[in-house]
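Down below is the structure, laid out as C-alpha cells.
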2 protein chains.
Amino acid sequence: MTEAESDKGRVTIIEIAKAAGVSKSTVSLVLTGRGSVKRETAERIQRAMDQLGYVYNRGAAGLRNAGSNIVGIVINDLSNPFFAELSIGIQNVLQMSGYVAFLAHTGESVSQQSQVIRMMRENGARGIILCPALDTRPEDVEGLASGDASLVLSIRRIAGSQASLVVPDNRAGAARITRHLLNLGHRRIAYVGGMGSMVVRQDRFQGFADAMADAKCAIDPGLNIESLPTKDGGVRAMGAVLALADRPTAVVCYNDVVAIGAMLAAARRGLSVGTDIAVVGFDDTEEARHVVPALTTVSVDAVGLGERSARMLLDQIADRNAAGATYVGEAKLIIRESCGIHHRALAAAG
Amino acid sequence: MTEAESDKGRVTIIEIAKAAGVSKSTVSLVLTGRGSVKRETAERIQRAMDQLGYVYNRGAAGLRNAGSNIVGIVINDLSNPFFAELSIGIQNVLQMSGYVAFLAHTGESVSQQSQVIRMMRENGARGIILCPALDTRPEDVEGLASGDASLVLSIRRIAGSQASLVVPDNRAGAARITRHLLNLGHRRIAYVGGMGSMVVRQDRFQGFADAMADAKCAIDPGLNIESLPTKDGGVRAMGAVLALADRPTAVVCYNDVVAIGAMLAAARRGLSVGTDIAVVGFDDTEEARHVVPALTTVSVDAVGLGERSARMLLDQIADRNAAGATYVGEAKLIIRESCGIHHRALAAAG
DNA sequence: CTCCAAAAATGGAACGTTCCATTATTATTA
DNA sequence: TAATAATAATGGAACGTTCCATTTTTGGAG
C-alpha cells in the first residue's frame, strides 16, 4: 500500500536510512547511483523506500548541486494543432532524456509570457524553448540566455535577437509552393493571412515575392491581405479577397489554419476550391490531409522541429558555449487537391 | 542590463542583503511581503534585486516551508483539440492564482503516465489534474491523492477510483443527441468509435441505449462498432459501417474527432452527409463548427471543464478534507447540418 | 528627558539533499 | 600474518530560503 506516512510531513532520506540501518549518505549514494554500495545493502534500502512510500525531493537536491531536470516550453497558441504537434515532439525528446517540462500557453500575450517565464526560472528551469508571442521584443528575452538558463527560440524568430533558433525554411517553402501555382498557369495570385508585423509572415511573403519575381509576375498590392493567423482570420480575409472586382485565381495562405478558413469561406459562396479557385497552405498539419479537398501545402514536420528544438536546448544545457546555433528545417512541397491537381502531378519544385 | 552576475553561480538573497545594507532576513521579508519593513528600505532592496538580476529560488523556499506553486497536468492526447482546449481552461485559472503548470502528454501510455507523475511529485507538485491514459487502473492513481498531493480526474473517470472528478454528463448528452435523431425519423442508428474498454464510451453508449429503449427501438449489435478515438479510427469504423449490407441511416459517433473521420469516409464513397446519411459527434470542438457540413454535436464546454477542474484542485489543495467532490457538467445539444436539418430546427431535446 | 510600546531589523536554526574528507570493512598480495 | 589496496559506509558542512525569538530603532506620551 506504500502507506505509512500520514504521521507528519513527507518521508525523508533520513527515515529511510534509519529503517534500513544505514546512514543518510548511503541512501543518497543509491539514489544517485554514484558511489559503490553493496548490492545487498542497496536492496535493503530500496525495500525501505518502497515500504515507506518515499518520494525523492528534487528541490532539496537541486539546492545542493545546482541542478534541476526542468525545462520550460512556452507556446503562444496550444489550440493551433501545429503547435500541439511541436510540443509533442519536444516532449518526446525531453522525456527520453529524463527531463520534465513546464508547458505553458500564453495566448499571444507578452505579459503572460514574461510571467510564466519568470515562474519557470524561479522553479529552476535549466532552459526554455520559446515560441514567442506576437509582439515580443529582443529585450523581453535578453538575459534569459545569459547566466544559468539556456534559451532556444522555436518557429518564430525575433528580429534583432541573437538567441539560438529552430525554424522551417519559410522563404524557400513559400517560394516553392508559389512556383507550383505559377507552373499551373496562375498569374493573379493573392497572399493571405498573418499580420504584417509577424516575422514569419515577412519571411514567407519574401519567398512568395521571390517566386513571383522569377516568373516576371507583378504583385498586386491589393492582393496582399493581412488577418489574424486563425481559422476565423482566414474566413474573413478570404471574404475580402472574394469581394474584389478582379479576383485572383489562386491564394497562397500564411498557414494551414488560415487556408482552411479560406476554403471554408470559398465554399460558403458556392465556389469549388481546386477548380474555381486554388488555395494552398503552409505547415502540413494533420488537418490538411483530412480536409476536403485535401490541402496542397508545405510540410515542415512539426514533430521533427520540436524534437530538434529539444535536442538543441539539451546540447546547450550540456555545453554552455554551444549557444547561438541556428537550424533551418527543410520545407517540402506537398501536392494534394486544393490547387487544382486531382491526380499526383510532377512537381516542378525547387 | 540587469547584468552583474557572470562571476559565479546565481545571485542569492545574501548578496542582495549585502548590496542593500540589510540582513538577509529583511530581504526575505520583502520577498514574502509578510513582515513590516519600512517603505524606504523595501525600495532600496528592490533596486538591488533589479540591479543584480536576482531570481527567486522557489526550490530553496519550498524546502523550508514545504510549499510549491506547481501543479501537474497530465493529458493523454494533446493533439486532440478537445484536450488542448481543456488544458487552456486549466491554465487560465492556474495562472490567475499564481500557480505554474507542468503539462505533460502521455500518448495514452500508462507507463509514460506514471513516469511523468513521479517526476511531478519529485518536483513538489501540490496537485495533479489527470486525464488518465486508456488502461489506467485504480491502483495506478491510488496513493496520489493521499499524503501531500491532491488529485483531480478530468474527463475520464476510472472505474473503482474514489478520486475527485470533473466530467461532462456523457450519458445525458448521448441520450439527447440520439433522441434528436429519433425525432427526425431515424430508426436504424449505429454507434461508432471509441474502444469498449473506455469508461467514457460505456457512459455515452448507455445514454444512446437509454434513448433507443425509450423509443422502443432495438439496437442491432452489428451496429456497435469500436475504433480508436482518432480521426483515422473514425475513417476505418465508418468504412466498416458502409460495407454493411443493411446500412444504418444515422451514425452516433463517440466524439467529434471520430465523427469528422466518419464524415470523411462517407464523402470519399460519394455519400452526402446530412442527406444520404446522418452523422453526429460529441464534444463540440472548434473543428465541429468549421467542417462542411457543420457537425451536429453535444457541447460540453472544454474550456469550462478545464477551469472547473483547476478550481476543484485548488480548493482541495487549500482544504485537504474537501476531497472526493464530483462535478458533472451540462451537455448541450448543438444542432447543425450533419444530421440533415439545414435550417434551425426546434430541438426536442431532453 | 525618560519610559514604553510599536515598528523595523536581525542572527541562527531548520528544511532534505549532495559532496567531501574520513573511517571502517573486506579482499589481495607478499 | 602483516601490509596494502580496494571497496563500503559515514558524519558534517553546504546549498538558499523561511521562521522564530530577539534586539534595535523609532516615536509618542507622561
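We name chains A, B, ... by the order of the sequence lines, and we start the count at 1 in each one.
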Nearest whole Å is fine: how far is [N] [atom2] from [X] [atom1]?
X: B:Leu29; N: C:dA7; atom1: CG; atom2: P; value: 14 Å
X: A:Ile13; N: D:dG11; atom1: CD1; atom2: P; value: 13 Å
X: A:Ile14; N: C:dT17; atom1: CD1; atom2: C1'; value: 9 Å

**Study point:** Most 5' of A:Tyr54 and B:Gly21 on DNA chain C, judged by nearest nucleotide
**Key:**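 Comparing both residues, the 5'-ward one is B:Gly21.
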Practice item. Taking only heavy atoms on the protein side, list every residue of residues 31-41 of chain A lying under 4.0 Å from any atom of DNA chain C, sorted numerically. Key: A:Thr32, A:Arg34
Scan side-chain atoms only and decide if [X] and [Y] contain a donor-acceptor pair under the 3.5 Å cut-off.
X: B:Ser164; Y: B:Gln316; result: yes
X: A:Ser23; Y: A:Thr26; result: yes
X: A:Ser25; Y: A:Ser28; result: no
X: A:Glu85; Y: B:Ser79; result: no

Would you say [N] has OP1 or OP2 under 4.0 Å from some side-chain N or O of [X]?
X: B:Ser25; N: C:dG11; result: no
X: A:Ser23; N: D:dA9; result: no
X: B:Ser28; N: D:dT18; result: yes

Exercise for review: Take the C1' atoms of the five end pairs on each side of the helix from C:dC1-D:dG30 to C:dA30-D:dT1, derive the two axes, and give their angle rounded to 10 degrees.
Suggested key: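 So the angle between the two local helix axes works out to 50°.
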Review point. Would you say the side-chain atoms of A:Thr136 pair up with the backbone N or O of A:Ala133, donor to acceptor, closer than 3.5 Å?
Key: yes
Exercise for review: Choose from C:dT17, D:dT17, C:dA9 the nucleotide whose nearest atom is closest to any side-chain atom of B:Asn57.
Suggested key: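 In terms of side-chain proximity for B:Asn57, the closest of C:dT17, D:dT17, C:dA9 is D:dT17.
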Tell me whether [X] is salt-bridged to [Y], with the criterion being a basic N under 4.0 Å from an acidic carboxylate O.
X: A:Arg10; Y: B:Glu122; result: no
X: B:Arg47; Y: B:Glu40; result: no
X: A:Arg137; Y: A:Asp140; result: yes

Point to revise | Shortest non-hydrogen contact from A:Thr106 toward A:Val74 | key: CG2-CG1, 3.4 Å
Revision key, fill the gap. What one should report as the nearest heavy-atom pair of B:Ile16 and B:Leu52 is CD1-CD1, 3.8 Å
Point to revise | Other residues, nucleotides, ligands: >12 heavy atoms within 6.0 Å of B:Gln162 CD | key: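 No - once you tally the heavy atoms of other residues, nucleotides and ligands closer than 6.0 Å, there are 12 at most.
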Could you list all N or O pairs between the protein and nucleotides 13-15 of chain D that sit under 3.5 Å apart?
residue	atom	partner	partner atom	Å
D:dA14	N3	A:Arg64	NE	2.6
D:dC15	O2	A:Arg64	N	3.4

